[in-house]
Q: 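First, the structure itself, so that you have it in front of you.
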Amino acid sequence: MTSAFDKLARPVQRWIRAQGWRELRDIQTRAIHVIRDCQADVIVAASTAGGKTEAAFLPLISDVLEAEVGGIGGFDLLYIAPLKALITDQANRLEAICQEAELPVVPWHGDVAASIKTRATKRPRGILLITPESLEALFIRRGLDVPRLFRSVRAVVLDEVHTMLDSERGVQLRSLLTRLELAIGRPVRRIGLSATLGDMAQACVYLRPDDAANVQAIEAAGGEAELRLQLRGYLAGGTDKSIPAPTDLIAKHIFDHLRGTDNLVFAGSRQSVEIYADRLRTMCEDARLPQEFYPHHASLSRDHRDLVERRLKDGRLPTTAICTSTLELGIDIGDVSCVAQIGAPFSVASLRQRLGRSGRRAGKPAILRQYAVEAALDSKSSFADRLRLGLIRSTAMIELLLEKWCEPAQTGALHLSTLVHQILSIIAEKGGAHAPRLYRILCQDGPFRQVSSAIFADVLRAMGQADPALIEQTKDGLLLLGPMGETLVSHYSFYAVFQTPEEYRLISDGRELGTLPVDNMVAPGMMLIFSGRRWLVQEVDDRAKVILVTPAKAGTPPIFGGDAGIIHDVVIERMFSVLKRNDCPAYMDATAQVLLAEARSNFSQMQFSRGRIAQIGEGEWIVATGCGTVKTTTLAFALRARGFTVQIYDGFLEVLIAKCTQPLEVVLRDLADGCDAKLFADNANLMTEKFHPYLSRRLLEIDALTVRLDESCLPTLSETILFDSQLVHLA
DNA sequence: GACCTGCTGCGGCGTG
């Protein structure tokens, strides 16, 4: 058999030799064979820095070089990535390979000079690296050029595919790929690059819905580093004032154990990042040591973030980034000694991705330090504190991580907000379109396959009825942009399908520090902690959305807001299993073990080891749903519709009975018997996505029922709760 | 109860 190396074009072979590589990695060898031997779509799944880019591009570039010269013009390969930084990075790497082959490499995103874009459109050749938003802009602004630019494309490489599965941007991207194939009149080979996937079969369907069975999956074989982990417990708010607060204890532990090496500390929220970065900076100053702890999150200025990323990457000075998920994916920041996680993460998939940043060098273990903070208990403590839900979720997620499980993507969402966006985009691209054609492109060929023609018609009607209208119809049925549609599409903020909040810019001495959400109440004289430092607010300009600050001695961290995350059923089920068992995990420190024992004892005292409903006060009940956020929230909506006051927790509901409500058991019996749940009776806000304001209430409800709620679970869930609780009564 | 991501066209000015 010909070796993988022999299957590559000469210039590519020369480049490999020049790198001094002893051999190709396993996934590279396999990808080269598959990509060179057939025309199938491919998914390459391996951890960060596993050599995926080369696995895809070495054979693809070889394909291009061996194709007939003097073609009709147009880009040869298309690469789409969700981050600008990734495009810049990959362009530099590909440049080196392509220099040898004399193939142009064209980065294209919002920060790339217009002159480079103009030149590339005049003479399109080589590899185009672009974001989904810039590709969207190409369709809208230069729709007529699209066939000429892409008629010669041999393959499209989709990077970080795991972040795109069934997300708003993922659906937009798939819609653009469909439109691209329609524009050039033939399918284009798709190559997906991904981190480890929860469900490979599902990813294949995502990549090529009409021919998923023929997608070739190439997964990196095991070989993961040894994992060392510790879960440390801390108590907050105790009466003994001689014990320092957990924030100080955790900061001290990080200071003592992480100083001198490169590390990532995931603090859970931007506010928490600011708090810990401030503590650690102060500790370095007090000890007269050089600074090595830096905050990193999306509200900090690009300059500051670049500094932190450079320090981590070049590895000369020890650097610990206190960060949010900004450092979870994206550019290569090199290997870190340890990953710390403060508080429970929201998904096993993200925990795994974070951990993948550590233990990448041969012989080095991956190290995870998990910190769990729980409240000291007194007679008034809530059941959630008594059950130590944070610690239990951390434990459940660690167990699932060790079992190599991670969440598959959610499927079945209608994505009506993104559908509105794509309808406007196609009408803008073509200068007008008929409804049946739009339906065919978007819902039959494209990704909105769950949308029936009836719902599609309702969406069009809602867009026409919005005031002012998004779309209008001529006498012969052609759909055109209405006044509001025109306004939206002509502004550059249109290209992204995701929502972004309004923000102030924070400026000190002419330098931008970062941004703050406008819902922070900021006034001159206030003290702030931001970018790991303390500031005094001098001036607030509400119209220009600018806050001027000067250095100060004290301050409080700002509030950044956020939205509710979705915890998977499997995670909550595992939490219940942790609560029911009585083993003692070796990776827990003494405090964590005590907290776990307390949680288990309270769980069984509340009879949850046998039943599902516990009365904790007059008219106050706890219901154990035992399932994830979607189902638990659905039951909460159904109970609220019947007058109960309901608070949602991981796998539990706290239910307060009002005067006018029927007994909880009677209501659950009704739901178990399949009564209409009337989920939306209390008019909850359903506008969560960018184009939701242009849809009718009914469409918003239908949309919510496909992602955030699951009406079909109610009969079985209610029946299970009732059945288990009867068992308790009998006992 | 949290986090992240993206962006065009054009006018005005300076420089070679």
Side-chain angles (χ1 to χ4, degrees), chain A residues 80-88 108-118 121 130-143 159-160 162-164 167-173 176 266-274 295-300 302 305 322-331 341-347 349-351 353-354 382 384 389-390 393 418 421 425 428 488-501 515 517 559-567 571-572 628-630 632-633 636 647-652 654 688-690 708:
Chain A
I80 307 178
L83 304 175
K84 289 185 288 192
L86 217 46
I87 285 175
T88 311
W108 185 308
H109 55 65
D111 298 344
V112 171
S115 56
I116 295 180
K117 295 175 182 171
T118 315
T121 44
I130 195 167
T131 59
E133 287 75 15
S134 283
L135 186 58
E136 181 82 59
L138 266 182
F139 271 96
I140 293 173
R141 304 278 169 198
R142 313 174 200 232
D159 208 352
E160 307 278 12
H162 62 286
T163 67
M164 305 295 259
S167 72
E168 288 162 275
R169 278 180 106 189
V171 173
Q172 174 190 28
L173 175 56
L176 290 170
F266 290 94
S269 70
R270 284 173 281 184
Q271 186 180 41
S272 170
V273 165
E274 290 293 347
H296 191 287
H297 59 73
S299 296
L300 297 175
R302 193 64 249 174
R305 291 165 66 180
I322 320 294
C323 60
T324 58
S325 47
T326 34
L327 288 180
E328 189 174 302
L329 79 150
I331 60 152
Q341 167 78 41
I342 303 175
F346 280 83
S347 74
S350 102
L351 183 61
Q353 179 106 8
R354 290 171 183 186
S382 83
L389 290 182
R393 193 167 92 206
T418 310
H421 179 266
S425 173
L488 286 179
V489 170
S490 56
H491 196 262
Y492 63 82
S493 61
F494 177 75
Y495 310 119
V497 291
F498 52 88
Q499 181 99 276
T500 36
T515 58
I559 299 156
F560 289 96
D563 31 43
I566 291 178
I567 312 275
V571 173
I572 304 286
T629 311
V630 171
T632 302
T633 307
Q647 188 68 33
I648 303 169
Y649 298 87
D650 285 358
F652 292 91
E654 186 179 42
T688 50
E689 294 176 27
K690 190 172 174 183
R708 310 198 74 86

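Just so we're clear, the structure is a prediction, and the values are computed from it rather than from any experiment. A, B, ... follow the sequence lines: proteins, then strands. Residue 1 opens every chain.
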Q: Among all residues two or more places apart in sequence or in another chain, which pass the side-chain contact (heavy atoms from CB on, under 4.5 Å) test with A:Ser382?
A: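 Listed in chain order: A:Ala384, A:Asp385.
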Q: Partners of A:Tyr492 by side-chain contact (heavy atoms from CB on, under 4.5 Å), sequence neighbours excluded?
A: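 Checked A:Tyr492 against side-chain contact (heavy atoms from CB on, under 4.5 Å); matches are A:Tyr495.
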Q: Excluding sequence neighbours, so at least two apart, what forms side-chain contact (heavy atoms from CB on, under 4.5 Å) with A:Asp563?
A: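 Not a single residue meets the side-chain contact (heavy atoms from CB on, under 4.5 Å) criterion with A:Asp563.
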Q: Any chance you could list the contact pattern along nucleotides 2-14 of chain B? Use B for base contacts, S for sugar-phosphate-only contacts and - for none, protein heavy atoms under 4.0 Å, 5' to 3'.
A: BBSBBBBS-----
Q: Whole-Å distance between B:dG1 P and A:Gln647 CD?
A: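 Rounding to the nearest Å, CD of A:Gln647 and P of B:dG1 are 7 Å apart.
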Q: Output all residues satisfying side chain to side chain donor-acceptor pair (under 3.5 Å) with A:Thr515, sequence neighbours left out; order by chain, then residue number.
A: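 Only A:Glu503 meet the side chain to side chain donor-acceptor pair (under 3.5 Å) criterion with A:Thr515.
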Q: If the condition is side-chain contact (heavy atoms from CB on, under 4.5 Å), which residues does A:Ala113 pass it with, not counting sequence neighbours?
A: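 Here the qualifying residues are A:Ser115, A:Ile116.
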